S.K.: 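What follows is a structure written as structure tokens; I'll ask about it next.
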Amino acid sequence: MSSRRRLAVTLGVITGMFLAALEATVVGTAMPTVIASLGGLSHYSWVFSAYLITSTVTVPVWGKLSDLYGRRLFFQLGIAVFLAGSVLSGISATMTQLIVFRAVQGLGAGALVPLGMTIIGDVYTVEERARMQAFFSGVWGISSVIGPVVGGFITDQLSWRWVFYINVPFGILAAIIIQLALREPKRDVRPAVDYAGAALLMASITLLMLALVEGGATLRAFASARNLALLAAAGLLAALFVYVERRARDPIVPFGLFRNRVVSVSVAVGFLAGVSMFGAISFVPLFAQGALGMTATEAGSLLTPLMLSWVGLSIIGGRLLLKIGYRPTTLAGLFILTLGFALLSNYQRTTPRLWLYVDLVLIGAGLGLTMLTLLNAVQQSVGRAQLGIATSLNQFSRSIGGAVGVAIMGAVLSAGLASHLQQVAREGAGPLTPARAAELASNPNALIEPGARDSLPPAVLDELQGAMAAAIQRVFWVGTALAGLALLVGFRLPHSAAPPDEESCRAETGERMVMAELATLEPEEEPAASKGS
């Protein structure tokens, strides 16, 4: 592929990925106006949850289908579904319609990021790939910073509906560029699609995500009969999925891929690091508002240094991994991530604000070094025929880790807040009665909503902020423990070596490619007898 054609493909991929990245942040700014227009405050969270669930469960399926039929077709199909969901969301007349159409939008979004990364893996060499993937990390960093601003500007100057309509011209442009620039070899063999496996996988993960989203707020809700039934059904479908996959001619998730130690370790580390990542993004703003008394704008701005350090260290890490290897770079990132969370867990309400920024910069730096390095390690360790599913599993593990982590941390927060307030009320040392403590524990929004916060007596507000700080510190300690566990798992990564030969990767398929490239990543000593012969 010529340099000009590769540049065009890269532009198309960037445009498509930017849509998915921007959509994750821009809609939140418009939601208060949406609720004022459509009503349905009780269903507010489902506008985000529906998108999250469908964009997560479809990731492995999109990746596998791209391995079977080619990247271009399914990247364009993902854009088409995403744009259809965008237009339908823009014309929604009720909150129920908006939730359904956001789910449609998420179905398409599940293709944009993993297939975009896979296309980059196809058209660039190993050395070039590390630099390009770092560049794409910048897309997420930029979108996280400008997303709220763009969403607010569009909502104020045009209408909240244009938050969705604005996707259409950019999506069409991305699809046209990919159609004209990306050329793929013709596939003469008709592949066998594992429809049963795909359906079981999506159904199982959907039920799991529903249980986590709906029941993760409190321990009581998580242990409710309805939630336990969802978890049991998800487990049953997962067991059936494993049974079907072991007998499928070409499984949607080839379990043999996990014999590749780079893939298996990267998936495990991605899951654990995803817990920490989403924990920081979800609970740092809550800590800032609920415990430190910041405004929503100030709390949101705290994530800017995290994102900027993530982008900066992704770029540095892309160059670093080519010099010192995947294993040292990943371990350095996980160590910095664990250190950042440990320092954050010790942050007190009286600690200077500067140290909070330092902690967040460390967390962002650790994520920047880790995530990109693992992606490149996975892409190097598999053959072209499995590049799509391997890249998708990397993204999938991070998303599932985030969903599980936020549910666990939410339950820890709820239990810790209730316990602390009840203890204060029992001791009688503060201004809270047992009844008032129970009321505030079940509805801590008084710390978040400016009007409700201002109406609280100063002594009650101080007690409540102290309780929130203590509870969220427990959450951060959970993040520290899981980041530390990710560091321990990271030591299982093979020592990096010279990347596999690109020509041999193109020439071989299936397990032969996986085993050949694994040998280059983790060379083994030959027996003495064979050396002598």
Side-chain angles (χ1 to χ4, degrees), residues 212 216 258 261-284 286-287 302-303 305-307 309-310 313-314 316-317 320-321 324-348 351 355-375 377-378 394 396-413 415-416 469-496:
L212 294 174
F258 293 101
R261 191 141 59 98
V262 176
V263 173
S264 59
V265 172
S266 295
V267 167
V269 171
F271 177 86
L272 294 169
V275 173
S276 301
M277 176 182 73
F278 282 91
I281 293 173
S282 301
F283 290 96
V284 165
L286 181 62
F287 177 73
L302 281 177
L303 295 180
L306 185 152
M307 293 298 177
S309 64
W310 185 340
L313 266 294
S314 293
I316 294 173
L320 195 61
L321 67 88
I324 67 173
Y326 300 108
R327 191 172 187 268
T329 306
T330 300
L331 293 177
L334 291 173
F335 175 78
I336 295 173
L337 176 64
T338 306
L339 176 63
F341 257 99
L343 293 174
L344 186 62
S345 303
N346 286 287
Y347 187 86
Q348 304 293 328
T351 306
W355 289 107
L356 181 58
Y357 288 102
V358 171
D359 298 343
L360 294 175
V361 166
L362 287 174
I363 291 174
L367 291 169
L369 285 176
T370 302
M371 297 302 188
L372 174 70
T373 307
L374 290 176
L375 174 61
V378 165
N394 183 273
F396 179 69
S397 65
R398 189 192 313 175
S399 299
I400 291 294
V404 172
V406 169
I408 293 174
M409 291 177 176
V412 170
L413 170 64
I472 295 185
Q473 279 182 329
R474 295 186 184 183
V475 170
F476 293 151
W477 277 118
V478 171
T480 303
L482 293 173
L485 181 58
L487 176 60
L488 293 177
V489 174
F491 279 99
R492 292 284 299 160
L493 273 174
H495 292 277
S496 60

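Bear in mind the structure is a predicted one, so any value in this text is a computation, not a measurement.
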S.K.: Could you tell me if the side chain of Leu306 sits less than 4.5 Å from the side chain of Val361, heavy atoms only?
M.R.: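 Answer no - side chains too far apart.
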S.K.: Could you give me the CA-CA distance, side-chain angles and deciding distance for Ser345 and Thr480, then say whether side-chain hydrogen bond (donor to acceptor under 3.5 Å, both in side chains) is met?
M.R.: CA-CA 8 Å; Ser345 303; Thr480 303; 3.0 Å; yes
S.K.: Going from OG1 on Thr370 to CG on Leu334, what distance comes out if it is rounded to the nearest 0.5 angstrom?
M.R.: 4.0 Å
S.K.: I need the Ile316 CD1 to Thr329 OG1 distance, nearest 0.5 Å.
M.R.: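 Atom-to-atom, Ile316:CD1 and Thr329:OG1 are 11.5 Å apart.
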S.K.: Where do Leu337 and Ala273 come nearest, in terms of heavy atoms and distance?
M.R.: CD2-CB, 4.4 Å
S.K.: Quick check for you: to the nearest 0.5 Å, what is the distance between Leu343 atom CG and Leu356 atom CG?
M.R.: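 Rounded to the nearest 0.5 Å, the CG-CG separation comes to 11.0 Å.
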S.K.: Rounded to the nearest 0.5 Å, what separates atom CG in Leu320 from atom OH in Tyr326?
M.R.: 12.0 Å
S.K.: To check you understand the geometry: which heavy-atom pair defines the closest contact between Phe335 and Leu487, and what is its length?
M.R.: N-CD1, 3.9 Å
S.K.: Which heavy atom of Ser266 sits nearest to which heavy atom of Asn394, and what is that distance?
M.R.: CB-ND2, 4.4 Å
S.K.: Quick one: closest heavy-atom pair of Leu272 and Leu482, and the distance?
M.R.: CB-O, 3.9 Å
S.K.: Considering all heavy atoms of both residues, which atom of Gly364 and which atom of Ser309 are nearest to each other, and what is their separation?
M.R.: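 Taking Gly364 first and Ser309 second, the nearest heavy atoms are CA-OG, 3.3 Å.
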S.K.: Nearest 0.5 Å please: distance from the OH atom of Tyr347 over to the CG atom of Leu360.
M.R.: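 So the OH of Tyr347 and the CG of Leu360 are separated by 9.5 Å.
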S.K.: Specify the closest pair of heavy atoms between Ala365 and Ile336, including all atoms of both residues, with the distance to one decimal.
M.R.: CB-CG2, 4.3 Å
S.K.: Between Val269 and Leu493, is any pair of side-chain heavy atoms under 4.5 Å apart?
M.R.: no
S.K.: State, yes or no, whether a side-chain contact exists between Asn346 and Phe476 at a heavy-atom distance under 4.5 Å.
M.R.: no
S.K.: Could you tell me whether a side-chain N or O of Thr351 sits under 3.5 Å from a main-chain N or O of Gln348, the two making a donor and an acceptor?
M.R.: yes
S.K.: Report the distance from atom CG of Leu362 to atom CG of Leu339, rounding to the nearest 0.5 Å.
M.R.: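 Rounded to the nearest 0.5 Å, the CG-CG separation comes out at 5.5 Å.
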